[in-house]
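Encoded as structure tokens, the structure appears first; notes follow it.
Chain identifiers are assigned alphabetically (A, B, ...) following the order of the sequence lines, protein sequences preceding nucleic acid strands; residue numbering begins at 1 within each chain.
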Protein chains: 4
Amino acid sequence: MGIADRREREKSERRRLIMDAANRLFNSKGFSATAMEEIAKESELSPGTIYLYFKNKEELYGSLSVRDLGLLLERLEQINKSEERDPQKRLEALKGVLYSIYEHDPILLLNVFNFQTSNLFKELSEDLATEIRRFSRRALRTIASIFEYGIHQGTFTQRNPIAIADIVWSVFSGIVIWEESKNALDPEKNYIRETLDLAFEIIILGVKK
Amino acid sequence: MGIADRREREKSERRRLIMDAANRLFNSKGFSATAMEEIAKESELSPGTIYLYFKNKEELYGSLSVRDLGLLLERLEQINKSEERDPQKRLEALKGVLYSIYEHDPILLLNVFNFQTSNLFKELSEDLATEIRRFSRRALRTIASIFEYGIHQGTFTQRNPIAIADIVWSVFSGIVIWEESKNALDPEKNYIRETLDLAFEIIILGVKK
Amino acid sequence: MGIADRREREKSERRRLIMDAANRLFNSKGFSATAMEEIAKESELSPGTIYLYFKNKEELYGSLSVRDLGLLLERLEQINKSEERDPQKRLEALKGVLYSIYEHDPILLLNVFNFQTSNLFKELSEDLATEIRRFSRRALRTIASIFEYGIHQGTFTQRNPIAIADIVWSVFSGIVIWEESKNALDPEKNYIRETLDLAFEIIILGVKK
Amino acid sequence: MGIADRREREKSERRRLIMDAANRLFNSKGFSATAMEEIAKESELSPGTIYLYFKNKEELYGSLSVRDLGLLLERLEQINKSEERDPQKRLEALKGVLYSIYEHDPILLLNVFNFQTSNLFKELSEDLATEIRRFSRRALRTIASIFEYGIHQGTFTQRNPIAIADIVWSVFSGIVIWEESKNALDPEKNYIRETLDLAFEIIILGVKK
DNA sequence: CATGAATGAGGGTTCATTCAT
DNA sequence: CATGAATGAACCCTCATTCAT
């Protein structure tokens with residue numbers, strides 16, 4: 001490995017270091033309530049260094065969204081690439097992916113969500129904004145293609161697959177946000193798994209012929 | 001009308017004036033990005049005056065949630081009080097209520113949502129926090145009772161009504177947030193109505209016997 | 001009693017009412033930390049009314065000083081007017097007066113003191129400032145005349161009576177402030193009486209022939 | 001001198017810079033009337049920088065007291081460590097110290113005083129409050145030991161040394177405050193030196209056998 | 001590249017004072 | 001006279017960002 005490579009790797013490692021720290025803090029305290037200096041401290045770097053890797057606070061937050069969406073996208077695309085031929089099984093796999101994403105980082109989707117809704121978007125560089133939009137669209141389209149496949153096979157009823165994908169995405173994100181917020185108030189009871197299972201049960205009943 | 005009455009009315013009008021201005025600004029710029037002075041300017045009052053009506057910025061925001069939730073709750077309870085005997089029709093009424101709420105203020109639910117998720121809750125006076133929680137719980141229970149009614153009548157399949165209410169609430173909020181965020185990026189195309197219709201169609205298929 | 005008289009009396013009663021309330025609050029929280037609205041509430045009047053009786057916050061505070069100084073002055077002048085012929089006994093009477101003032105309102109002198117030191121003086125109307133200065137000077141001169149009397153009688157050593165009065169005044173105020181501040185830290189132990197007694201003992205030894 | 005050392009020195013110089021500026025302003029305008037921004041301007045720094053060195057306005061004020069008390073304490077302790085065997089000479093030295101402190105900063109003691117009396121104490125960090133209390137107590141005890149020494153030697157009359165120290169402290173502070181306030185009103189005439197001399201004369205007569 | 005001290009604009013909030021009723 | 005709602009200037013403090021080292 002050449003020196004240039006090592007530099008490159010160290011650089012991207014440091015980027016990840018910052019993003020991980022930022023993710024932890026943004027998740028636990030929210031965007032506005034997290035100070036850049038805290039992120040610096042958490043990542044054991046100085047504030048100035050953060051700005052060598054990210055143009056500003058918004059871009060740092062946006063980069064988290066990109067990373068998360070990329071992760072999600074990759075997993076989703078594996079479903080379509082799989083050998084599985086039964087549409088309902090593919091739907092189950094979708095549930096599995098979404099749930100595992102939730103388990104990996106409970107509010108990953110909430111972040112992606114909040115970010116897109118929020119006005120932080122406006123502060124973003126065109127590049128990053130475009131990337132988020134593209135990833136987001138691709139994720140939706142990938143979900144849609146699972147349904148398309150089912151419709152094509154004749155197992156699912158004829159409906160607009162993109163619209164169904166929107167619904168799946170919405171209900172999933174909605175449940176995660178909603179149950180997480182209930183969780184925050186009463187940490188004892190966590191019904192996310194059950195609610196998600198039920199939601200999928202209903203969706204399958206609703207789309208199957 | 002006595003002087004005291006008039007005073008009282010003026011006072012509550014002023015409160016509403018502030019809340020409306022705050023709502024507009026919070027909606028378009030978000031909580032943190034909105035300065036109290038802007039709210040003052042928007043409501044044609046002075047900063048000091050805002051503080052005569054609301055203890056602080058958080059309480060002002062929280063009061064918006066309470067007002068919104070109250071509005072929603074009232075509409076929901078009318079469904080159960082209605083003469084309608086057909087469970088599916090009641091479900092349609094629920095859709096109508098949620099949609100009309102959306103039309104009245106597209107991000108009303110988003111606000112309620114974001115608020116509960118956010119850390120702003122911690123800054124709230126106990127009174128206000130309790131009220132929000134109570135309203136929120138009652139709204140859920142009211143939705144649940146629509147399903148209970150259908151199960152009781154034998155039209156809907158036997159399932160936990162509270163869980164279904166959570167799903168309905170989640171999917172509805174999720175769609176609104178999601179479509180609104182797509183809206184923000186591309187204001188030409190608004191598919192909310194269609195997506196909601198489809199979502200309800202699926203839910204009805206999913207819960208009917 | 002005519003109507004005009006009653007008006008006058010009510011007016012001065014209200015003045016006193018406000019001053020008493022202000023005194024209590026200034027004493028317990030200090031000048032800056034006391035809000036005019038608190039004084040209004042404590043005196044069961046409205047903020048606006050306070051301003052009918054006092055031009056501003058500083059004048060209200062200054063008026064307290066005037067009242068206190070007047071009270072003190074009256075008591076001091078009685079000593080000189082008394083039948084008592086023994087200079088040392090007159091000195092004892094002086095101690096009694098100062099101590100009873102302290103008992104009446106522990107920080108009366110502290111207030112007079114702080115006020116004169118503070119920059120509040122600058123905000124005062126010329127009238128009030130002049131009055132405070134005149135009272136203050138007269139109080140000093142009255143104390144001085146007690147010593148003059150003793151020197152004249154040949155019981156006290158020949159010294160500048162005004163300077164001695166300054167010292168008496170300083171030591172007395174100093175002790176009150178100092179012991180009060182120790183009091184604030186450890187309310188159990190109150191040595192003011194003992195310290196004052198000792199101070200007078202020393203002074204008497206110091207001035208007697 | 002290493003870089004770290006220089007950093008350290010610059011840092012403490014900066015601290016002193018701020019404290020000096022703050023001292024000037026607090027002295028001339030009082031605590032409440034002095035804005036942090038003025039202190040920033042006076043020390044040619046930005047407001048934010050002040051907060052890098054002091055947690056808040058109260059702590060800045062408190063730090064001044066600590067510095068002043070430290071200075072005083074050091075001087076007082078030198079009296080006891082000195083070769084001087086004559087108690088009355090030691091008393092003279094005490095007068096000298098107190099007077100030189102006064103000359104160094106005429107209202108140093110007034111500040112220490114006012115601070116302890118004021119409610120600012122409550123806002124202080126435990127550390128700083130403790131330090132002020134400790135210094136204050138030690139200063140008193142050091143003064144007391146001068147008298148103890150005189151009593152032990154048989155030159156002074158048997159009296160509670162701590163109480164005498166309180167009196168000395170009180171009369172000295174009292175005179176400074178009092179004469180300064182007269183000074184403020186009529187800057188022509190400054191009798192502090194004379195008054196202090198007379199006060200010491202009286203005290204010495206009062207405590208000597 | 002990395003640092004972290006310094007910046008200074010901006011935010012939330014208070015409160016002495018006014019004035020229409 | 002009395003009121004108290006309204007004002008708005010001013011204050012303390014934070015924190016995203018910069019830049020000399």
Side-chain angles (χ1 to χ4, degrees), chain A residues 7 10-11 14 31-41 44-60 123, chain B residues 3 6-7 10-11 14 18 31-41 43-60 123, chain C residues 7 10-11 14 31-41 43-60 123, chain D residues 3 6-7 10-11 14 18 32-41 43-60 123:
Chain A
R7 274 277 162 77
E10 269 172 10
K11 190 174 157 178
R14 203 151 279 193
F31 178 77
S32 316
T34 301
M36 287 301 265
E37 202 176 323
E38 288 177 280
I39 297 174
K41 212 157 260 166
E44 291 178 332
L45 292 167
S46 74
T49 307
I50 310 280
Y51 283 86
L52 293 176
Y53 292 90
F54 300 92
K55 214 185 104 219
N56 55 37
K57 202 183 172 187
E58 281 77 19
E59 291 258 334
L60 171 51
E123 309 291 323
Chain B
I3 287 177
R6 189 151 64 122
R7 275 274 161 77
E10 269 170 12
K11 196 172 155 179
R14 200 77 107 194
I18 297 168
F31 178 77
S32 313
T34 301
M36 287 301 264
E37 201 172 329
E38 288 177 281
I39 297 174
K41 216 158 253 167
S43 50
E44 292 179 331
L45 292 167
S46 74
T49 306
I50 310 285
Y51 285 86
L52 292 178
Y53 293 90
F54 300 93
K55 216 183 103 224
N56 55 37
K57 201 183 173 187
E58 281 78 18
E59 292 260 334
L60 172 51
E123 309 291 323
Chain C
R7 275 276 163 77
E10 269 171 10
K11 189 174 156 177
R14 201 151 282 188
F31 178 76
S32 314
T34 301
M36 288 301 265
E37 201 176 323
E38 288 177 281
I39 298 173
K41 212 158 258 167
S43 51
E44 292 179 331
L45 291 168
S46 75
T49 306
I50 311 279
Y51 283 85
L52 293 176
Y53 292 91
F54 300 92
K55 213 183 107 223
N56 55 38
K57 201 183 173 186
E58 282 77 17
E59 291 259 334
L60 171 51
E123 309 292 323
Chain D
I3 286 179
R6 188 154 60 127
R7 275 276 161 76
E10 269 170 12
K11 197 172 154 178
R14 200 77 106 191
I18 297 169
S32 313
T34 302
M36 288 301 266
E37 200 173 329
E38 289 177 281
I39 297 174
K41 214 156 255 165
S43 49
E44 291 178 333
L45 291 168
S46 75
T49 306
I50 310 285
Y51 285 88
L52 291 177
Y53 293 89
F54 300 92
K55 215 185 101 225
N56 55 36
K57 201 183 173 186
E58 281 77 18
E59 291 259 335
L60 171 51
E123 309 292 323

Distances under 3.5 Å between protein N/O atoms and the N/O atoms of nucleotides 18-21 of chain F, please, pair by pair.
none

Find which nucleotide of DNA chain F each of B:Glu37 and A:Glu37 is nearest to by heavy atoms, and output the residue with the more 5' nucleotide. B:Glu37
A:Arg14 side-chain N/O to E:dC1 phosphate OP1/OP2 under 4.0 Å: no
Is any side-chain N or O of D:Ser46 closer than 4.0 Å to OP1 or OP2 of E:dA6? no
DNA chain E: 5'-proximal contact among D:Leu45 and B:Lys57 (nearest heavy atom): D:Leu45
Answer with base, sugar-phosphate or nothing: what part of the nucleic acid does B:Ser32 contact at a heavy-atom distance below 4.0 Å? nothing
Assign B:Tyr53 to base, sugar-phosphate, or nothing according to its heavy-atom contacts below 4.0 angstrom with the strands shown. sugar-phosphate
How long is the span from the [atom1] atom in [X] to the [atom2] atom in [Y], to the nearest 0.5 Å?
X	Y	atom1	atom2	result
C:Ser46	C:Met36	OG	CE	11.0 Å
A:Ile50	A:Glu37	CD1	CD	10.5 Å
D:Tyr53	D:Arg14	OH	CZ	5.0 Å

Go ahead and write out DNA chain E as dot-bracket, 5' to 3': ( ) for pairs within the strand, [ ] for ones crossing earlier pairs, | when the partner sits on another strand, dots for unpaired; Watson-Crick or G-U wobble, both distances under 3.5 Å. .||||||||||||||||||||
What's the closest nucleotide to the B:Ala35 side chain, out of E:dG12, E:dT3, E:dT17? E:dG12
Quick one: which of E:dG12, E:dA16, F:dA2 gets closest to the side chain of C:Thr49? F:dA2
Of all residues at least two apart in sequence or in a different chain, which pass the side chain to side chain contact (heavy atoms under 4.5 Å, CB included) check with C:Thr34? C:Leu25, C:Phe26, C:Lys29, C:Glu38, C:Ile39
Rounding to a whole Å, what distance do you find between [X]:[atom1] and [N]:[atom2]?
X	N	atom1	atom2	result
B:Ile39	E:dG12	CD1	P	8 Å
B:Ile18	F:dA5	CD1	C1'	12 Å
C:Glu38	F:dG4	CD	P	17 Å

Minimum side-chain heavy-atom gap C:Glu59-C:Asn56 below 4.5 Å: yes
